[in-house]
Amino acid sequence: MLKVTDLKVKYGMIEAIKGISFEVRDGEIVTMIGANGAGKTTTMHAISGLVKAAEGSIKLDDVELTKTPANKIVGMGLAQVPEGRRVFAEQTVEENLILGAYLRKDKAKMAEDMEEVYKLFPRLKERRKQLAGTLSGGEQQMLAMGRALMAKPSILLLDEPSMGLSPLLVSEIFHIIREINDKGTTILLVEQNAKRALAIADRAYVLETGSITLEGTGEELANDERVQKAYLGG
Amino acid sequence: MQFLSYLINGLGLGSVYAIIALGYTMVYGIAKMLNFAHGDIIMIGAYIAFFALTKFALPFPLAVLAAIAVCTMLGVLIERLAYKPLRQAPSLAVLITAIGVSYFLQNGAQILWSSSSKVFPSVISTGSISLGSASVSYLTLLTIATCIVVMICLTLFINRTKTGSAMRACSEDKGASMLMGINVNMIISITFAIGSGLAAIASVLLASTYPSVYPTMGSMPGIKAFTAAVFGGIGSIPGAFIGGLLLGIIEIFAKAYISTQLSDAIVFGVLIVILLIKPTGLLGKKINVKV
């Protein structure tokens, strides 16, 4: 479904991503783990078109994304929940969700999908007239996820969804990621919380300073000595 | 009761400032730049309305429409040619470019239409009505009414429409807006179009009040309106409205009760005091610097 080949991203003279290749197949949960500054967010931004790839290709079902403007990519079925949520703080929960469906024309279906999102995150429904900026961190994460789901993506990119959340909320968020995947959405998950991420992933990649150093199934990597030492505190 | 007529005249002048300030504040809110050529769009609008009324003898509403159409297109064109290539450039480069565009428009007008001023025909009835002891001209009432209508329409547009919601989203976070599928360049163009269209409306009101049209006529109202936008909190639409009205009232009162010569100094003095007390302006939001 999503195939990244020899991707390089540069910020000025600095090469942040040094030629990585990976893929996400239909229906999978794939996770990319790595430390701060490894290039996880840069990779996500390159896929969504927010930063330009210097070299390499990113293909979504055979369409080349590196040449597609960022605002067209979501219409092709790829939505991203960005790092730090980035909800529109001065708009209401409902307005945020409607913005998530910005390119869609099927009004009736949108209303149904909004109900689906509210079913997944009942707390958003309670707060739908509230400004997004007044929500707690966990609620904002839910809103960012709901907003991305409103685009009806076939693949959802999640960038550090557990960042800054209490352990209880992290469990809830991971539970919901599982649920979204069970309903048929492919998932690419970037996480610092390696333990949780590897536990739900079908396959996983380890990103270190711009290069992929390890790959395997979630279970393989969770049991890998190097991964345990570097990311699982063991 | 002189006070009442000063107050209403102040509101009239302030309404013009408010309409111009809306253009500054919207462009700042969304494109994060100070478009110092905004005042000169007013000048172009005044010339277009002038020629439409005199040379082509068009009726007044059509002349206004012509000015709006030309200014809207000009605003979009300026953004595309001068500012868009600098989207990633430091804000100082954009600011200097805007000043350059301003001089370009002024000098262009001088070449095309000479630097001598033209007398704007008085098309709006010169009559007045009396409110108690104060007499208020129709023009002043029309100006205030126009400002209120503009404000209501703009507020509804920004808060109730899909494009308005996208504009608010862009002003908060362009990257996240792109992730939603919003065409940020298009939104910026729309913002310039609206701001310049409003400048055209202001130009007709201004030229009817002070009926001389010349290449640098936009500078002073432009700077005053910019001040009004900062006064109210730049980036805030209600702020531009309130800032504009207050500035007009302060200016007229300063002229009436203190000194005509000092009125501009007093206006800017008040701005400095306000910014010392509240650096983001009356309705400005705290700017959160992301770490």
Side-chain angles (χ1 to χ4, degrees), chain A residues 11-12 41 44-52 68-92 94-105 107 110 131-133 140 143-153 156-159, chain B residues 25-26 28-32 80 84-85 87-90 154-191 233-239 280-281 283-291:
Chain A
Y11 292 116
T41 295
M44 292 300 232
H45 281 186
I47 297 171
S48 285
L50 293 183
V51 296
K52 272 211 162 61
T68 313
N71 59 300
K72 296 253 167 73
I73 289 176
V74 61
M76 298 164 65
L78 184 147
Q80 186 186 148
V81 181
E83 183 185 13
R85 293 120 204 173
R86 291 171 76 169
V87 295
F88 300 110
E90 284 158 40
Q91 304 207 38
T92 65
E94 200 165 82
E95 283 174 313
N96 269 273
L97 292 177
I98 293 169
L99 279 168
Y102 188 73
L103 293 180
R104 292 176 57 185
K105 303 261 182 282
K107 279 245 165 81
M110 267 167 60
L131 292 184
Q140 288 192 11
L143 178 56
M145 287 169 72
R147 186 180 66 176
L149 287 174
M150 286 300 290
K152 271 266 162 224
L156 182 66
L157 273 57
L158 293 147
D159 194 348
Chain B
T25 221
M26 284 176 72
Y28 181 83
I30 286 161
K32 308 290 177 223
R80 280 283 156 89
K84 194 181 167 197
R87 209 50 65 69
Q88 311 298 330
L154 198 62
T155 306
L156 289 176
F157 174 74
I158 296 282
N159 291 321
R160 298 282 169 83
T161 67
K162 189 174 164 178
T163 307
S165 173
M167 286 171 90
R168 283 182 290 143
C170 283
S171 101
E172 270 196 63
D173 188 336
K174 288 199 186 56
S177 300
M178 282 187 231
L179 291 179
M180 303 300 109
I182 296 169
N183 183 341
V184 174
N185 283 327
M186 178 63 83
I187 295 294
I188 292 176
S189 288
I190 293 172
T191 308
I234 191 138
S236 157
I237 287 176
T280 52
L283 300 183
K285 276 163 288 201
K286 207 173 76 210
I287 296 155
N288 292 312
V289 180
K290 272 183 207 149
V291 193

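Each chain gets a letter, A, B and so on, in the order the sequences are listed, and its residues count up from 1. Just so it is clear, the structure is predicted and the values come from calculations on it, not from any experiment. Hydrogens, waters and symmetry mates play no part in the numbers below; they use all other heavy atoms, side chains included.
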Set of salt bridge (charged side-chain N to carboxylate O under 4.0 Å, His left out) partners for B:Lys174, sequence neighbours left out: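 In terms of salt bridge (charged side-chain N to carboxylate O under 4.0 Å, His left out), with neighbours along the sequence ignored, B:Lys174 is linked to no residue.
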What are the two closest heavy atoms between [X] and [Y], and how far apart are they?
X       : Y        : result
A:Glu95 : B:Arg168 : OE2-NH2, 2.8 Å
A:Leu99 : B:Ala169 : CD1-CB, 3.8 Å
A:Leu50 : B:Gly175 : CD2-O, 3.7 Å
A:Phe88 : B:Met180 : CE1-CG, 3.9 Å

Straight-line distance of B:Leu179 CG to A:Tyr102 OH, nearest 0.5 Å: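 If I round to the nearest 0.5 Å, the distance is 14.0 Å.
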Is A:Lys52 atom NZ crowded by more than 12 heavy atoms from other residues, nucleotides or ligands, each under 6.0 Å away?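 For A:Lys52, atom NZ is not crowded (no more than 12 foreign heavy atoms under 6.0 Å).
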Who among A:Ala89, A:Gly84, A:Gly49 has the most heavy-atom pairs with chain B under 4.5 Å? A:Ala89
Does any heavy atom of chain A fall under 4.5 Å from the side chain of B:Ser177, the backbone, both, or neither of them?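 Contact with chain A is through both the backbone and side chain of B:Ser177.
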Less than 4.5 Å to any heavy atom of chain B: does that hold for the side chain of A:Ala151, its backbone, both, or neither?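 For A:Ala151, there is no contact with chain B at all, as no heavy atom is under 4.5 Å.
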Region of A:Arg85 that comes under 4.5 Å of a non-hydrogen atom in chain B: neither
For chain A, find which of B:Ser171, B:Ala176, B:Ala166 contributes the most heavy-atom pairs closer than 4.5 angstrom. B:Ala176
Which residues from residues 72-82 of chain A are near chain B, with near meaning under 4.5 Å between non-hydrogen atoms?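 Those residues of residues 72-82 of chain A which have a heavy atom under 4.5 Å from chain B are A:Val74, A:Gln80, A:Pro82.
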CA sep, side-chain torsions, deciding dist, call: A:Asn71, B:Asn185, side chain to side chain contact (heavy atoms under 4.5 Å, CB included): CA-CA 10 Å; A:Asn71 59 300; B:Asn185 283 327; over 6 Å; no
Quick one: does A:Glu90's side chain have a donor or acceptor within less than 3.5 Å of a partner on B:Glu172's backbone? no
